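Following: one structure in structure tokens, then a few remarks.
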Amino acid sequence: MRLFFNMLFDEKEVKAEHLKTACIETIASVASQMGWNSYYTLLNKCFHGASRSPDKQRLFIRLICAILDKFHFSKLSHSGEQSLVGVTDTQITDLTNRQTCLYKVVFPKVQKLMDSDSERVNVNINLAALKLLKLLPGDVMDTYLSTILHRISNFLKSRLESIRDEARSALATCLKELGLGYLQFVVKCLSSAVSGSIDYCLGDLLSVIENDILGDVAEQKEVEKIASKMKETKRKTSFESLKLVAQNVTFKICALELLEQVTSHLQKHVTQTVEGKLENMLRSIAAGIESNPSVEQTDLFVFIYRIISDGLKKDKPSEDKDSCTNGKRIFSHHLVTVFGLRILHKRMKGMQQCVEDENTLSMLDPLVKLLSNGLRSKYDDILSSSLGCLVSLVKFPLPSLQVRAEKIKSAVLNIAQSSMNSSSPLMQSCLTLLTMLLRNTEISLSQNQMCKLIQLPIFVDLEKNPSLAALSLLKGIVSCKLEAVEIYDIVTRVSKLMVTSQMESIRKECRKILLQFLLDYRLSEKHLQRHLKFLFLNLQYKHSTGRESVLEMIHAIIVKFPKCVLDEQSLTLFLHLVACMANDNDNIVRSMGEAAIEKLVRSVSPNALDSILKCALIWYLDSNQQLWGAAAQPW
């Protein structure tokens, strides 16, 4: 070995690079057979040479790295744990001594070399430091790794391009040495060093992440034996790393590059498993973009418009069978479109409703046409996302909304009528948008369109599958005073649901609809009495929640009904409320009944109140003492 050592550092003997490499490999190979004392002596000799001969330092450090790669002695695992079963006291002592030598003697020599060359990056010194740290317990690695990476990252701020290039090379080398498990750690160090500092290596980072999720690394992790034995395969951090990358690049420069790995796969047929991974990648990118401080609103809208527009042009789904796996393979171009729509939706939900900035409105207006085109898509997730975005857009004063209102309404009605599942997110999105259109003073639904709506299964099956979205839309239809036979039947079902539903939100919405109906529709005396009779009957409903809902409705009638109508019904209301208060065992129900009576006697005209008081007086004078409490209520 001495011969090769002398040859390596004698430039007269070895000038060719491949011969130097051969010498280094030979010395390292011999080191792998040495005992600890000889190995340790050789390592120290190399460090001594590196510090004494600056002109040969690079070569010495290359040799140090090769020797460290051949470390063949027992060591603690990276987590700091090691089974000591069967290990003798002597072996434990040797292990401790080696760890101490590496940490207390060898590592300080590496630090000294780094400090002596503080104005240059020196890839090899940093690599040697990492190789040494990997031989030490995990807590030592955690203590010093960030310092090394931050030191390298700081060189990215240098004005000299050569220094920045060397820093990039050093970081790439470090990441390769550390492995994918440290990708997230490295990206965090880079991001904290300087904004946009990972732009230069974005392609490399995305390639590493892609390989872990979709490439050879991913395939290896799917093998059960590997996954069960190796800690690194049990938890995939690549999606988190992808979010971190998207969060820290310069958005305006790198936004489209973030998608390149995904879009390249979407040009091919992919299995459903791969499609799921691609969706998760896009979600991670979206989450990163949403928290990226470099994102300007104008740049974001330009980016969104481009990817949605391009995606809708490719909206032609197709699929075939994979002859090898019998698994369905599909073209999934639409995933990127959905990605753009979801980012847009989240951004618009965060915008104030009273936006008056002309620049913002001018950016939103072209989206109306784009989103209305999305309503013709063959993909449910594009339809749902487009509907969600339009719900947010309707609240803004956009000229294109008025121009395209009819097309939007027709498209939404077609989607709703063709939807097979009345409780699907797609149907709920349709109902929400239609509700928003009804609330908009300048865009409304025709009587014919509303008639078609209330004939949808979601309204026919309202009692079985109640939906807040459907009830909100129905409230809008009732407020438009739709004259159709079906509306009377639906209101009857809503009345029942107001009593029987176990959800307070549903009961509350039903009360609003019924009150709106009773106030706005010209009902005959017979129809009104039918609704009031239903309420009085259900003051005895078996569940207290239903009785409470009826009392809430009666209280609303007392408050909202015209005084002339209330006077006509006042005595009947009083009698039923008194009976409820006297006979119900529930304290809340009795209290609500008492409150309704108090409101009634304060709301009616003097003549109607006189009738109530006469009735109460008759009870008071009766010999039946049970009526005395009821008789006291008007007072």
Side-chain angles (χ1 to χ4, degrees), residues 475 478-479 481 483 487-500 507-541 544-584 586 588-620 622 626-635:
K475 184 174 181 293
V478 170
S479 67
K481 301 181 182 179
E483 289 295 339
I487 198 71
Y488 293 88
D489 294 333
I490 291 177
V491 170
T492 299
R493 292 197 289 274
V494 166
S495 299
K496 293 177 182 178
L497 193 59
M498 177 191 73
V499 178
T500 60
R507 297 196 301 271
K508 183 178 181 180
E509 201 66 24
C510 289
R511 291 195 296 270
K512 290 179 180 178
I513 293 170
L514 180 56
L515 182 63
Q516 188 87 49
F517 177 77
L518 294 176
L519 291 173
D520 291 351
Y521 281 70
R522 292 184 178 180
L523 300 177
S524 65
E525 179 66 20
K526 182 179 179 182
H527 270 97
L528 178 59
Q529 290 302 323
R530 183 185 301 166
H531 284 289
L532 292 175
K533 183 179 179 181
F534 171 84
L535 293 175
F536 299 147
L537 181 64
N538 281 285
L539 284 173
Q540 301 175 41
Y541 185 67
S544 62
T545 53
R547 302 198 299 277
E548 290 171 18
S549 187
V550 171
L551 286 167
E552 290 274 13
M553 186 67 216
I554 291 175
H555 193 279
I557 287 173
I558 294 171
V559 172
K560 296 291 185 179
F561 264 34
K563 182 166 286 190
C564 59
V565 179
L566 183 62
D567 284 350
E568 292 174 2
Q569 308 298 330
S570 59
L571 188 57
T572 307
L573 284 167
F574 173 70
L575 293 173
H576 282 92
L577 287 171
V578 167
C580 170
M581 198 186 69
N583 299 320
D584 205 296
D586 188 280
I588 296 177
V589 173
R590 288 202 304 272
S591 176
M592 291 178 69
E594 182 178 354
I597 291 175
E598 290 177 1
K599 187 65 179 176
L600 177 65
V601 297
R602 288 200 299 266
S603 301
V604 296
S605 66
N607 288 337
L609 179 58
D610 187 56
S611 298
I612 293 174
L613 293 176
K614 286 179 181 178
C615 180
L617 184 60
I618 293 172
W619 288 345
Y620 191 74
D622 195 281
Q626 291 182 343
L627 296 176
W628 292 0
Q633 292 306 313
W635 286 273

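What you are looking at is a predicted structure, and each value in this text was computed from that prediction instead of being measured.
Inter-residue side-chain proximity for I554 and L577 is flagged as met; some heavy-atom pair is nearer than 4.5 Å. Proximity of F534 to V550: side-chain heavy atoms (C-beta onward) are nowhere separated by under 4.5 Å. Contact check for M553 versus L518: side-chain heavy atoms found under the 4.5 Å cut-off. In this structure the side chain of S570 reaches within 4.5 angstrom of the side chain of L600, judged on heavy atoms. For the pair Q569/L528, a side-chain contact is recorded, criterion being any heavy-atom separation below 4.5 Å from C-beta on. By the 4.5 Å heavy-atom criterion applied to side chains, M592 and H555 are not counted as neighbours. Put simply, the side chain of V494 reaches to within 4.5 Å of the side chain of C510, judged on heavy atoms.
Of the listed residues (I597, L613, L609), just one forms a side-chain contact (heavy atoms from CB on, under 4.5 Å) with F574, and that residue is I597.
Annotation: the span from F536 atom CZ to L575 atom CG amounts to 9.0 Å, rounded to 0.5 Å.
A donor-acceptor pair is defined here as one N or O able to donate and one able to accept, closer than 3.5 Å; no such pair exists between the side chain of R507 and the backbone of G546. A donor-acceptor pair under 3.5 Å is formed between the side chain of D567 and the backbone N or O of S605. Judged by distance alone, with hydrogens and angles left aside, the side-chain atoms of N583 form a donor-acceptor pair with the main-chain N or O of A579 at under 3.5 Å.
I588 and E548 get closest at one heavy-atom pair: CG2-OE2, 3.7 Å. A pairwise comparison of heavy atoms in S495 and H531 identifies OG-ND1, 4.2 Å as the closest pair. Taking both residues in full, the closest heavy atoms of L566 and I558 are given as CD2-O, 3.5 Å, listed atom of the first, atom of the second, then distance. The shortest non-hydrogen separation linking V589 to C580 is CG1-SG, 3.8 Å. Nearest heavy-atom pair, P562 versus L519, reported as atom, atom and distance to 0.1 Å: CD-CD2, 4.5 Å.
Using a cutoff of 4.0 Å between basic side-chain nitrogens and carboxylate oxygens, K614 and D610 are scored as salt-bridged.
Residues H527 and Y521 place their aromatic rings such that the two centres sit no closer than 6.0 Å.
In the displayed structure, Q540 atom CD is contacted under 6.0 Å by at most 12 heavy atoms of other residues, nucleotides or ligands.
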